[in-house]
Amino acid sequence: MKLKNILSIAVMATLLVACKHLDVPSDAQMESRLPKIYPDYTEVMVPANICPMNFAVQEGESETIARLTSPGGTYIYGDNQKVLIDETEWTDMLKSAKGKEIKVEVFAKIGDKWKAYQPFNIYVAEDSIDEYISYRAIQPSYVAYEKLSINQRNLTNFDEREIYNNMSVSSEKVGQCINCHSYKNFKTDNMLFHMRQGYGGTMIVSNGELKKVDLKTDETLSAGVYPAWHPTKNLIAFSTNKTGQSFHTKNLNKIEVQDTESDLILYDVDKNEVSIISELDDELEVFPTWSPDGKKLYFCSAHFEYYNDSIEKSAEMIQRYDEVKYNLYSADFNPDTKEFSNVQMIYNASDSLGQSVTLPRISPDGKYLLFAQAEYGCFHVWHADADIYMMNLKTQQVQKMDALNSERSESYPTWSSNGRWIMVDSRRDDGNYTRPYIAYFDKKGKAHKPFMLPQKDPYFYTFYLRSFNRPEFMIEPVNITPQEFAEKAKEDAIPAKYADR
């Protein structure tokens, strides 16, 4: 057969597939329950600009058809077990259903019989979501790291690219760890991330200009670790930490990440100066975060006294790991003088509840504070009992956010720039990998059922063997290329100066 004829047949076959007509079966037997779908997008509230909520129907080896009905029209999809929604049609559905809902009806052919399941709704909020998130992609290998990247994902579609990949400068002899990416006011013209081991330093973008800084001074414990950009000044609060990890043989929480010492520092980006915020003996200060007006700094601190002089602090910490419990503090801050005052505990979790608080984040309107809470420690991503809580900053009343939590670990809560969406890292899916879940937070202060970050292939998470670590909202993409970051990484870091208060 001639090549021309073969090509013609191939084109005709493609057109036939593309023009395949789908319709719902008229003789389907009605079931009394919702369909089993993955990810679970039943009865969720989604942003008005989210990408298609593709899902798979898990009703045995079945052929599947789904009918989506919005105020603007009806669309039918089916691709074996997958429901893959056309992006243009989905955008039209979101536009017409804003403030309303999209009705989803699922039909599955099992054997030679069709079944119809109870319909469910996907509610479309009036509110949009920030266009981008970024996260560290890491293998949960427990004991080692090799390939790491910080990625950015467009939430309005499925576009994704790397911000930086550690393999661009790593070699057989020199490895590199990267972590703790952070942005000022959700924008990327002021951002940072850390590099450790090979080519160590902090990559800081200030007003669009990239530099590499060594924040370790003779007067501080370490370089900056957990960061928080001041919302109005070119200042960054960091914790400095002497961190180690240990491993359990019986405890289901297999890994423990611990700080034998930790303090808080303030970095003046313009002056390249580091100063001490807090370095109290017997206190482990960590996880700073600013109020939206920049006049308060919130942080966590655990009171821990070492009493065994015959062993190293790290060894004693390992022995007493479950005694380390963090409480929540605030300090007033004068942005003009850079002075801190009126340090006070605002939530005593250790004495009153026997619990430990980490990772505080303030809502953009300054009304609410989210945090993770578990029985002990500061690295709750590894703790199955870790849940998300919220404090009303006016009343200081604390409530467990039941809608956001599961029987497995929830950690690292963060807000969207408009305060209407909360993102958390959760291991509810399989217990091993952290995935980003997004929930609507309404004007009454109520969180709705969270949904897993949608992917083009609904089975993406079953074969993507990396965790989504430290997911952050961004209102714009990072425009510095991975190659530019890599070239700067190879340069010597600029030493920061110490400024005594």
Side-chain angles (χ1 to χ4, degrees), residues 130 133-134 179-187 190-194 202 224-241 259 262-267 269 277-278 283-302 326-335 338 340-347 349 356-373 378-381 386 388-394 396 398 401 410-417 419 421-425 441 469-474:
D130 296 327
I133 65 167
S134 59
N179 64 352
C180 293
H181 51 286
S182 180
Y183 309 94
K184 180 178 180 177
N185 298 329
F186 304 92
K187 299 184 67 178
N190 290 281
M191 62 166 288
L192 66 86
F193 63 86
H194 295 308
T202 301
V225 180
Y226 302 113
W229 283 88
H230 192 274
T232 62
K233 300 292 186 178
N234 212 8
L235 304 171
I236 309 170
F238 289 95
S239 64
T240 57
N241 308 66
D259 295 323
S262 58
D263 297 324
L264 297 179
I265 63 171
L266 185 69
Y267 177 59
V269 180
I277 297 175
S278 177
E283 288 291 330
L284 303 172
E285 305 98 328
V286 72
F287 298 129
T289 191
W290 298 98
S291 61
D293 62 6
K295 295 181 179 180
K296 275 188 181 293
L297 181 71
Y298 294 84
F299 61 95
C300 300
S301 185
Y326 290 77
N327 296 310
L328 185 61
Y329 289 80
S330 71
D332 293 339
F333 180 69
N334 186 322
K338 296 190 290 186
F340 293 89
S341 62
N342 191 30
V343 178
Q344 57 181 318
M345 184 189 298
I346 62 171
Y347 181 53
S356 183
V357 171
T358 63
L359 301 166
R361 298 297 287 268
I362 314 294
S363 60
D365 61 9
K367 294 181 179 180
Y368 303 100
L369 185 152
L370 290 173
F371 57 88
Q373 181 172 300
C378 68
F379 223 73
H380 288 166
V381 68
I388 304 301
Y389 287 71
M390 184 177 73
M391 173 183 283
N392 183 315
L393 289 174
K394 183 177 181 180
Q396 293 198 338
V398 172
M401 303 295 282
E410 270 75 43
S411 65
Y412 207 80
T414 187
W415 299 89
S416 65
S417 65
W421 303 95
I422 296 170
M423 182 164 51
V424 300
D425 245 355
F441 186 75
N469 181 255
R470 194 183 170 99
E472 294 278 2
F473 283 108
M474 309 139 67

Atom [atom1] in [X], atom [atom2] in [Y]: separation rounded to 0.5 Å?
{"X": "Asp425", "Y": "Met423", "atom1": "CG", "atom2": "CE", "result": "8.0 Å"}
{"X": "Ser330", "Y": "Asn342", "atom1": "OG", "atom2": "CG", "result": "6.5 Å"}
{"X": "Leu264", "Y": "Phe238", "atom1": "CG", "atom2": "CZ", "result": "12.0 Å"}
{"X": "Tyr226", "Y": "Asn179", "atom1": "OH", "atom2": "CG", "result": "7.5 Å"}
{"X": "Asp259", "Y": "Thr240", "atom1": "CG", "atom2": "OG1", "result": "9.5 Å"}
{"X": "Ser182", "Y": "Leu192", "atom1": "OG", "atom2": "CG", "result": "5.0 Å"}

Do the side chain of Lys184 and the main chain of Leu235 share a donor and acceptor less than 3.5 angstrom apart?
no

So [Y] and [X], do their side chains get closer than 4.5 Å, heavy atoms only?
{"X": "Val398", "Y": "Phe371", "result": "yes"}
{"X": "Met474", "Y": "Ile133", "result": "no"}
{"X": "Cys300", "Y": "Pro360", "result": "yes"}
{"X": "Leu266", "Y": "Leu297", "result": "no"}
{"X": "Ile346", "Y": "Gln396", "result": "yes"}
{"X": "Phe299", "Y": "Val343", "result": "yes"}
{"X": "Leu359", "Y": "Pro413", "result": "yes"}

Take Asp332 and Lys296 through the test side-chain contact (heavy atoms from CB on, under 4.5 Å) and record every step on the way to the result.
CA-CA 5 Å; Asp332 293 339; Lys296 275 188 181 293; 2.6 Å; yes

Determine, stepwise, if the pair Leu393 / Ile362 fulfils side-chain contact (heavy atoms from CB on, under 4.5 Å).
CA-CA 9 Å; Leu393 289 174; Ile362 314 294; 4.0 Å; yes

For Phe287 and Tyr326, what are the C-alpha separation, side-chain angles and deciding distance, and is it a ring pair (Phe, Tyr, Trp, His ring centres under 6.0 Å)?
CA-CA 11 Å; Phe287 298 129; Tyr326 290 77; 7.3 Å; no

Side chains of Glu410 and Tyr389 only: does a donor on one sit below 3.5 Å from an acceptor on the other?
no

Any donor-acceptor N or O pair under 3.5 Å, side chains Tyr329, Ser278
no

Taking the six-membered ring for Trp, is the centroid-to-centroid distance between Phe333 and Trp290 below 6.0 Å?
yes

Between [X] and [Y], which heavy-atom pair has the shortest distance, and what is it?
{"X": "Phe193", "Y": "His181", "answer": "CB-CA, 3.8 Å"}
{"X": "Pro288", "Y": "Ala228", "answer": "O-CB, 3.3 Å"}
{"X": "Asn190", "Y": "Trp229", "answer": "C-CZ2, 3.8 Å"}
{"X": "Ser301", "Y": "Glu285", "answer": "OG-CG, 3.7 Å"}
{"X": "Gln373", "Y": "Ala349", "answer": "OE1-CB, 4.4 Å"}
{"X": "Ser291", "Y": "Pro231", "answer": "O-CG, 3.6 Å"}

Among Tyr412, Tyr298, Tyr368, find the one that has a side-chain hydrogen bond (donor to acceptor under 3.5 Å, both in side chains) with Arg361.
Tyr412

Does His380 form a side-chain contact (heavy atoms from CB on, under 4.5 Å) with Ser356? I'd like the steps, not just the answer.
CA-CA 9 Å; His380 288 166; Ser356 183; 4.1 Å; yes

Results of salt bridge (Lys or Arg N to Asp or Glu O under 4.0 Å) for Asp293 - residues two or more places apart only:
none

Step-by-step side-chain hydrogen bond (donor to acceptor under 3.5 Å, both in side chains) determination, Tyr183 to Ser134
CA-CA 10 Å; Tyr183 309 94; Ser134 59; 2.7 Å; yes

